[in-house]
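Let me begin by presenting the structure, written as structure tokens, before commenting on it.
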Amino acid sequence: MKSTSRDAVLYFSESLVPTARKALCDPLEEVREAAAKTFEQLHSTIGHQALEDILPFLLKQLDDEEVSEFALDGLKQVMAIKSRVVLPYLVPKLTTPPVNTRVLAFLSSVAGDALTRHLGVILPAVMLALKEKLGTPDEQLEMANCQAVILSVEDDTGHRIIIEDLLEATRSPEVGMRQAAAIILNIYCSRSKADYTSHLRSLVSGLIRLFNDSSPVVLEESWDALNAITKKLDAGNQLALIEELHKEIRLIGNESKGEHVPGFCLPKKGVTSILPVLREGVLTGSPEQKEEAAKALGLVIRLTSADALRPSVVSITGPLIRILGDSGTTGFPPP
């Protein structure tokens with residue numbers, strides 16, 4: 001094909017296309033790899049027609065148990081070579097309900113930077129797919145597919161889109177969508193190796209605001225996500241968060257109208273997701289940060305039930321003693 005004119009390739013396409021299709025589903029990996037190179041040359045010669053002639057066939061083969069595994073790898077081989085043209089063609093087909101998260105997850109691993117350009121379509125689709133599987137036997141498998149997609153994103157722009165879009169979805173009026181978004185956000189915060197330091201404020205703000213949610217699933221997932229974030233922070237980042245954290249605690253306190261905040265009262269969890277940040281502020285912060293952290297800690301205690309505070313009594317006592325000791329020298333009152 002490299003040595004042949006476009007007209008000649010078009011003339012013989014009725015023979016070439018079926019051969020490429022068959023080879024992309026071949027049981028031998030080396031045959032599928034060679035077929036992907038043939039597809040690449042076919043696309044270079046006849047353009048979009050190569051996509052139309054071969055990709056729908058591969059997608060259809062995914063429903064055939066005998067060849068689905070080979071067809072899926074054939075798609076992966078094609079993606080690895082021509083992701084910038086193959087992904088835009090496949091995404092609309094894979095994200096149309098019922099969303100095929102299995103194939104999206106598989107292909108995301110070889111999509112590279114091309115994946116980021118389609119996150120605005122892919123993320124809502126995988127959230128919708130997970131929402132529909134919540135509470136079913138397929139829930140764990142769906143979560144694994146979602147995880148594979150979001151952990152395949154490697155560039156900063158992609159991480160920003162993930163964080164912004166998931167946080168936006170957690171504000172949905174539909175409880176199922178909030179649950180799906182919170183679950184995927186927890187997966188991202190807990191398992192991503194990305195440096196999301198530049199997004200700490202928006203993450204902490206968005207997660208804390210979910211502590212008043214009516215859904216037990218959202219409460220658990222948002223708590224776990226926040227806990228995963230605070231566990232990774234060094235002292236400098238903890239201190240930088242204190243002002244924002246205090247502001248958000250005041251907001252959820254106002255929303256709860258002085259009642260206990262559900263996200264602070266989860267059994268065996270309580271306030272331990274934010275306690276490391278407040279402790280760091282009281283123990284090592286500047287005078288201003290110590291005051292901010294002390295006020296935040298006092299507010300948290302008032303918004304948390306006695307049972308939920310009990311596991312953290314020892315961790316809280318030290319900072320309280322420090323606050324009482326400092327109150328005479330720093331000029332700020334104890335909480």
Side-chain angles (χ1 to χ4, degrees), residues 105 119 123 126-127 130 134 139-140 142-156 158-171 178-213 215-242 244-249 252 261-281 293 296-297 300 304 308 311-312 315-316:
L119 282 175
L123 283 175
V126 298
M127 283 189 280
L130 178 57
L134 292 176
E139 179 180 339
Q140 292 299 317
E142 204 66 38
M143 286 171 58
N145 290 338
C146 293
Q147 175 177 315
V149 172
I150 61 171
L151 297 189
S152 296
V153 177
E154 298 177 347
D155 59 291
D156 291 340
H159 292 300
R160 177 183 56 76
I161 293 171
I162 288 174
I163 292 168
E164 290 179 354
D165 286 11
L166 290 177
L167 286 175
E168 178 66 28
T170 62
R171 294 190 284 272
R178 295 202 308 276
Q179 290 174 346
I183 289 170
I184 299 174
L185 194 56
N186 182 22
I187 291 172
Y188 176 79
C189 293
S190 303
R191 301 179 187 179
S192 174
K193 295 181 180 179
D195 179 9
Y196 45 71
T197 306
S198 59
H199 304 288
L200 279 178
R201 287 179 177 270
S202 58
L203 275 170
V204 170
S205 173
L207 290 169
I208 280 282
R209 293 185 186 193
L210 295 176
F211 277 27
N212 272 329
D213 200 276
S215 164
V217 172
V218 174
L219 291 177
E220 293 279 350
E221 297 293 335
S222 58
W223 193 99
D224 288 345
L226 184 59
N227 189 55
I229 292 171
T230 56
K231 279 167 57 177
K232 297 176 186 176
L233 296 180
D234 57 26
N237 282 319
Q238 286 179 330
L239 293 175
L241 273 179
I242 289 171
E244 183 72 20
L245 188 57
H246 186 200
K247 182 186 80 174
E248 296 303 331
I249 293 170
I252 61 173
V261 170
F264 290 154
C265 301
L266 294 174
K268 299 182 180 179
K269 293 184 175 182
V271 298
T272 53
S273 62
I274 60 171
L275 194 54
V277 178
L278 299 181
R279 277 176 54 87
E280 192 66 33
L297 184 57
V300 166
T304 308
S312 304
S315 298
I316 292 174

So, [X] side chain and [Y] main chain: donor-acceptor pair closer than 3.5 Å or not?
X: T230; Y: N227; answer: yes
X: K247; Y: S205; answer: no
X: S190; Y: I187; answer: no
X: N145; Y: A105; answer: no

At what distance, to the nearest 0.5 angstrom, does [atom1] of [X] lie from [atom2] of [Y]?
X: L233; Y: T197; atom1: CG; atom2: OG1; value: 7.5 Å
X: L219; Y: K269; atom1: CG; atom2: NZ; value: 9.5 Å
X: L119; Y: R160; atom1: CG; atom2: CZ; value: 10.0 Å

Q. So do T272 and W223 actually touch side chain to side chain, heavy atoms under 4.5 Å?
A.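 Yes; the side chains approach each other to less than 4.5 Å.
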Q) Side chains of E248 and V204: does their closest heavy-atom pair fall under 4.5 Å? A)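 No - every pair of side-chain heavy atoms lies 4.5 Å or more apart.
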Q: Looking only at non-hydrogen atoms, find the nearest pair between L203 and C189 and report the distance.
A: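 So the two residues come closest at CD2-SG, 4.1 Å.
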Q: Measure across L226 and S273 and return the closest heavy-atom pair with its distance rounded to 0.1 Å.
A: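 Distance-wise, the nearest heavy atoms are CD2-OG, 3.9 Å.
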**Q.** With sequence neighbours excluded, residues passing ring-ring contact (aromatic ring centres under 6.0 Å, His included) with H159
**A.**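 With sequence neighbours excluded, H159 shows a ring-ring contact (aromatic ring centres under 6.0 Å, His included) to Y188, given in chain and number order.
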**Q.** Residues which pass side-chain hydrogen bond (donor to acceptor under 3.5 Å, both in side chains) with D165, listed by chain and number, not counting sequence neighbours
**A.**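 With neighbours one apart ignored, the set is empty.
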Q: Would you check if there is a donor-acceptor pair between the side chains of N237 and D234 at a distance under 3.5 Å?
A: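 The answer is yes; a qualifying pair exists.
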Q.
Test side chain to side chain contact (heavy atoms under 4.5 Å, CB included) on V261 and N212; report intermediate values, then the result.
A. CA-CA 6 Å; V261 170; N212 272 329; 3.7 Å; yes
(Q) If you count heavy atoms of other groups shown closer than 6.0 angstrom to NZ of K231, is the number above 12? (A)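 At most 12 heavy atoms, drawn from other residues, nucleotides or ligands, come within 6.0 Å of this atom.
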Q) Can you tell me if CG on D155 sees more than 12 non-hydrogen neighbours from other groups inside 6.0 Å? A)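 More than 12 heavy atoms, drawn from other residues, nucleotides or ligands, come within 6.0 Å of this atom.
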Q: List the steps and the verdict of side chain to side chain contact (heavy atoms under 4.5 Å, CB included) for L166 and M127.
A: CA-CA 9 Å; L166 290 177; M127 283 189 280; 3.7 Å; yes
Q: Identify the residue among I184, D213, T170, L134 that makes a side chain to side chain contact (heavy atoms under 4.5 Å, CB included) with Q179.
A: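 That would be L134.
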